[in-house]
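A quick write-up on the structure given underneath.
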Amino acid sequence: GNEDDSQNLLQIASQTKLPLPAKDILPEPQIQSKQPTHQSYPKKKFTLDLVKATFTEEAFTLYRRSCEASNEPDKGKRGTFIDNYCQQNIVSRELISPIDPLCTIRLGCFHMNYRIDGVLVGVGVVDVVPRGISSVYFFCEPELGPLELDLISGITELEFVASKTPLFPTFRYCYEE
C-alpha cells in the first residue's frame, strides 16, 4: 500500500544519499479528529420585558426558589420580596430627550423579566434614574446556573443604557448596588 511505498522511497533515499522526495509524493499522515459531537437541542426563544416593579406570583415563586437554592430560605418570604423589590421608591416620571422631545424614558423601579419560551427564568430589579440605571438585585431559576443569567443581566443593563445614550447624552451610567 501507500505506507510500504513511502517506506521504500525513504530507504532508497537514505541509502543513496539522494534528497528526500518532495512532500507531495509522500502521503499525509492520517490524523483522527477528536472533535466533540454536539447533541442537537430544539431552539428556544429568549425574551426580555421591562415592567413596573410590582408584585406577581410568578416572580415571587422564582424569587423563593432562588433563595432556597442559595440556602437563604428566611429571605424568601413574601413580605421581604415586596418590601425590597416591588416598592416604588423612585417617583415615576418621564425624562425628555434634549435631542428629540418626542422621545422619553420612564424613570422608576422596574423588573427586567427574562423568559425562555415564555417561562420566567430570571428577574433583574433595576431603578431607572435620570443619569442611568441602578442594578438593585438579580435572581433566577437555580437549575439554569450554567447559563450565567446574572452575567447576561449585567450585559443587558449595559446595552439598555448604551441604546438610550444617543438621544439622552447624560443617561450613561450603570450603578451597582
Side-chain angles (χ1 to χ4, degrees), residues 38-177:
H38 296 285
Q39 186 175 2
S40 179
Y41 295 101
K43 290 185 178 182
K44 302 286 184 179
K45 185 176 180 183
F46 182 80
T47 57
L48 171 67
D49 305 324
L50 184 66
V51 298
K52 278 188 94 162
T54 56
F55 178 86
T56 65
E57 196 63 44
E58 180 184 35
F60 172 66
T61 301
L62 180 61
Y63 170 75
R64 189 176 59 232
R65 274 200 312 272
S66 177
C67 290
E68 289 168 357
S70 61
N71 294 320
E72 299 177 298
D74 292 340
K75 187 177 173 186
K77 295 192 167 131
R78 184 180 300 263
T80 303
F81 178 68
I82 293 170
D83 291 345
N84 293 320
Y85 308 119
C86 298
Q87 292 296 316
Q88 298 297 315
N89 298 331
I90 297 173
V91 176
S92 184
R93 64 180 179 93
E94 287 188 342
L95 182 64
I96 299 170
S97 168
I99 296 168
D100 182 353
L102 296 177
C103 292
T104 61
I105 296 176
R106 171 74 50 198
L107 303 179
C109 303
F110 295 92
H111 286 171
M112 288 183 140
N113 291 333
Y114 297 82
R115 296 179 183 278
I116 297 177
D117 289 343
V119 177
L120 186 66
V121 295
V123 176
V125 182
V126 298
D127 293 336
V128 179
V129 296
R131 298 185 49 85
I133 191 170
S134 176
S135 180
V136 177
Y137 191 69
F138 180 79
F139 56 94
C140 67
E141 182 59 55
E143 294 176 11
L144 298 180
L147 294 180
E148 298 188 38
L149 291 174
D150 53 342
L151 178 62
I152 292 170
S153 171
I155 292 169
T156 302
E157 292 166 10
L158 291 169
E159 287 177 337
F160 177 81
V161 170
S163 73
K164 304 298 182 195
T165 301
L167 291 173
F168 299 87
T170 60
F171 189 85
R172 59 179 181 227
Y173 298 103
C174 286
Y175 305 96
E176 189 74 29
E177 284 191 20

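One-based numbering along the sequence shown.
- Taking CD1 from I152 and CE from M112, the interatomic distance works out to 13.0 Å, rounded to the nearest 0.5 Å.
- With values rounded to the nearest 0.5 angstrom, S134 atom OG is found 8.0 Å from E176 atom CD.
- Heavy-atom contacts from other residues, nucleotides or ligands closer than 6.0 Å to CD of E57 number more than 12.
- Contact annotation: the side chain of F110 approaches that of V128 to within less than 4.5 Å [non-hydrogen atoms, C-beta and beyond].
- Although no hydrogens or angles enter the test, the distance criterion places a donor-acceptor pair under 3.5 Å between the side chain of S97 and the main chain of L167.
- Note that the CG atom of L144 and the OG atom of S66 stand 11.0 Å from one another [nearest 0.5 Å].
- Nearest approach of R93 to P130, heavy atoms of both residues: NH2-CG, 3.6 Å.
- At a threshold of 4.5 Å between non-hydrogen side-chain atoms, the residues I99 and P169 count as touching.
- Contact check for I105 versus F168: side-chain heavy atoms found under the 4.5 Å cut-off.
- Atom OH of Y173 and atom CD1 of I133 lie 15.5 Å apart (nearest 0.5 Å).
- By the 4.5 Å heavy-atom criterion applied to side chains, K164 and C103 are not counted as neighbours.
- Nearest heavy-atom pair, L120 versus E58, reported as atom, atom and distance to 0.1 Å: CB-OE2, 3.4 Å.
- When all heavy atoms are compared, the tightest approach of D127 to C109 is OD1-SG, 3.3 Å.
- With contacts defined as side-chain heavy-atom distances shorter than 4.5 Å, the pair L62/F139 qualifies.
- T80 places no side-chain N or O within donor-acceptor distance of the main-chain N or O of G76, the cut-off being under 3.5 Å.
- Closest heavy-atom contact between K44 and I116: CB-CG2, 3.7 Å.
- A 4.5 Å side-chain heavy-atom check between V126 and F160 finds every atom pair outside the cut-off.
- The line from SG of C174 to CZ of R172 is 12.5 Å long, rounded to the nearest 0.5 Å.
- Judged by the 6.0 Å and 45° rule, R78 forms a cation-pi pair with F60.
- Between L48 and R115 there is no side-chain heavy-atom pair separated by less than 4.5 Å.
- Between the side chains of E159 and S163, no donor-acceptor pair of N or O atoms lies under 3.5 Å.
- A tilted orientation is assigned to the rings of F81 and Y85, their planes being inclined by 30° to 60°.
- Atoms CG and CZ, from L107 and R131 in turn, are 13.0 Å apart once rounded to the nearest 0.5 Å.
- A heavy-atom distance below 4.5 Å is not found between the side chains of C140 and V121.
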TODO: Report the C-alpha distance between L149 and F138 in whole Å, list the side-chain angles of each, state the deciding distance to 0.1 Å, and finish with yes or no for side chain to side chain contact (heavy atoms under 4.5 Å, CB included).
DONE: CA-CA 9 Å; L149 291 174; F138 180 79; 3.8 Å; yes
